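The analysis underlying the following values was restricted to heavy atoms, covering all of them including side chains, and did not include hydrogens, waters or symmetry mates. Computed from a predicted model, the values in this text were never measured in an experiment. Positions are given from 1 along the sequence.
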Amino acid sequence: MRTWLKLVAWVVGILGGAALLLYIFVFDVWTIPSDDPMEAASIEPTLSAGDVVLVSRHTTVTRGNLLRCPDPQAPGRFVIARAIAPNGEHVEILNEVVTLDGKRVPSPRACDTPIVTIHDPQNDVDVNLHCSIEDYGERDFWALRAGDHTEPPFKAQVDQGRWFLVSDDRHVHVDSRDFGQIDVSTCLHIVYRVEGRAGIGDEKKRLNIIW
């Protein structure tokens with residue numbers, strides 16, 4: 001019996017030590033704030049305010065990564081948006097669809113939940129948005145768009161050393177259309193959701209890989 005207890009203690013100690021090293025050197029645990037309605041709407045449907053996530057302490061950004069960056073307009077706070085275009089590329093957003101250098105994101109397909117209802121805090125109304133899956137090489141993610149009354153067209157060329165970030169909610173957004181292009185050396189990559197805002201009991205929003 002004592003042998004088994006010692007073995008269990010060793011295993012728990014090793015796993016705990018490994019977790020501590022990962023926390024110190026590789027990942028940070030962060031709970032997404034719930035006090036900014038616009039930011040909360042903009043990160044849907046991938047994340048929600050109140051989710052507990054892991055962010056990488058050492059970020060090498062590639063297209064499609066979901067990033068946490070210092071808010072250029074509010075020191076001490078963060079914005080969450082997806083790296084969509086590096087320096088030199090031309091970005092156009094028309095009818096809430098992104099094109100890069102004149103090419104549209106490869107063949108979107110419908111999400112498991114094709115219509116997602118989001119509260120628009122700017123107008124204090126609920127809006128029904130179409131959800132589609134966008135593919136970027138080995139990663140894909142959900143994106144929301146309005147069927148009508150879409151956001152105005154937007155065009156930009158990304159500056160040297162900058163990235164253009166876009167919200168997964170293309171309609172109620174907090175992204176480079178609002179705060180400008182970003183130096184991603186100040187950003188961290190959100191890689192994993194530990195649990196959703198409802199707690200570990202929410203099976204759909206726990207232990208999820210986040211690109």
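Following chains of ILVMFWY side-chain contacts shorter than 4.5 Å, one can reach Ile182 starting from Leu67, so the two form part of one hydrophobic cluster. Ile84 and Ile93 fall within a single hydrophobic cluster, where Ile, Leu, Val, Met, Phe, Trp and Tyr are joined by side-chain heavy atoms under 4.5 Å apart, directly or via other members. Val184 and Val98 are members of different hydrophobic clusters when ILVMFWY side chains are connected at heavy-atom separations under 4.5 Å. Val127 and Val116 fall within a single hydrophobic cluster, where Ile, Leu, Val, Met, Phe, Trp and Tyr are joined by side-chain heavy atoms under 4.5 Å apart, directly or via other members. Under the 4.5 Å side-chain heavy-atom criterion for Ile, Leu, Val, Met, Phe, Trp and Tyr, Leu144 and Ile43 are members of distinct hydrophobic clusters.
Using a 4.5 Å heavy-atom threshold, the side chains of Val174 and Asp36 count as separate. The side-chain heavy atoms of Val91 and Leu100, taken from C-beta on, include a pair separated by under 4.5 Å. Between Thr99 and Leu94 the shortest side-chain heavy-atom distance does not fall below 4.5 Å. Contact check for Asp140 versus Arg109: side-chain heavy atoms found under the 4.5 Å cut-off. Contact annotation: the side chain of Pro86 approaches that of Arg63 to within less than 4.5 Å [non-hydrogen atoms, C-beta and beyond]. At a threshold of 4.5 Å between non-hydrogen side-chain atoms, the residues Tyr192 and Ile210 do not count as touching.
A donor-acceptor contact shorter than 3.5 Å links the side chain of Gln73 to the backbone of Asp178. Using a distance-only test at 3.5 Å, with no hydrogens or angles considered, a donor-acceptor pair links the side chain of Arg206 to the main chain of Ile200. Although no hydrogens or angles enter the test, the distance criterion places a donor-acceptor pair under 3.5 Å between the side chain of Asp101 and the main chain of His90. Looking only at distances, a side-chain donor or acceptor of Asp51 sits under 3.5 Å from a matching main-chain atom of Arg197. Put simply, the side chain of Arg82 never gets that close to the backbone of Val166: no donor and acceptor are under 3.5 Å apart. Without hydrogens or angle criteria, Asp169 side chain to Val172 main chain gives a donor-acceptor distance under 3.5 Å. Between the side chain of Asn65 and the backbone N or O of Thr62 there is at least one donor-acceptor pair closer than 3.5 Å. Of the possible donor and acceptor atoms, one in the side chain of Ser176 sits under 3.5 Å from a partner among the backbone N and O of Leu165. A donor-acceptor contact shorter than 3.5 Å is absent between the side chain of Gln122 and the backbone of Met38. At distances below 3.5 Å, at least one donor-acceptor pair connects side-chain atoms of Glu96 with backbone N or O atoms of Ala146.
No more than 12 heavy atoms of other residues, nucleotides or ligands sit less than 6.0 Å from atom CD1 of Ile209.
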- Message: Using the rule given for salt bridge (charged side-chain N to carboxylate O under 4.0 Å, His left out), can you reason through Arg177 versus Asp175, listing the C-alpha separation, both sets of side-chain angles and the distance that settles it, and then say yes or no?
- Response: CA-CA 5 Å; Arg177 287 171 285 179; Asp175 58 24; 2.8 Å; yes
- Evaluate side chain to side chain contact (heavy atoms under 4.5 Å, CB included) for Val79 paired with Glu39, printing each intermediate quantity in order. CA-CA 7 Å; Val79 293; Glu39 184 69 22; 4.2 Å; yes
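A donor-acceptor contact under 3.5 angstrom links the side chains of Asp183 and Ser185, judged on distance only. One side chain, His119 or Asp124, offers a donor N or O that lies under 3.5 Å from an acceptor on the other.
Remark: of the listed residues His171, Arg145, His173, His173 is the sole one forming a side-chain hydrogen bond (donor to acceptor under 3.5 Å, both in side chains) with Glu151.
Contacts of Phe179 classified as ring-ring contact (aromatic ring centres under 6.0 Å, His included), with partners at least two apart in sequence or in another chain: none.
Pairing each heavy atom of Ser48 with each of Lys205, the nearest pair is OG-NZ, 3.0 Å. When all heavy atoms of Ala49 and Pro33 are compared, the pair lying nearest together is CB-O, 3.4 Å. Closest approach of Val158 to Arg162, counting heavy atoms only: CG1-O, 3.3 Å. Shown here for Ala41 and Pro121, the closest heavy-atom pair between the two residues is CB-CD, 4.4 Å. Thr113 and Trp142 make their closest contact through N-CH2, 4.1 Å (heavy atoms, listed as atom of the first residue, atom of the second, distance).
Taking CD from Gln157 and CD from Glu89, the interatomic distance works out to 10.0 Å, rounded to the nearest 0.5 Å. Taking CG from Asn128 and CD1 from Ile118, the interatomic distance works out to 9.5 Å, rounded to the nearest 0.5 Å. To the nearest 0.5 Å, atom CG of residue Leu66 and atom OG1 of residue Thr46 are 6.5 Å apart. Atom SG of Cys69 and atom CG of Leu188 lie 8.0 Å apart (nearest 0.5 Å). Here the CG atom belonging to Asp112 is positioned 8.5 Å from the NZ atom belonging to Lys204, to the nearest 0.5 angstrom.
Classification of Glu134 and Arg170 as a salt-bridged pair holds, one side-chain N sitting under 4.0 Å from a carboxylate O.
Ring geometry, Trp30 versus Phe78: the interplanar angle exceeds 60°, so the pair is classed perpendicular (tilted spans 30 to 60°).
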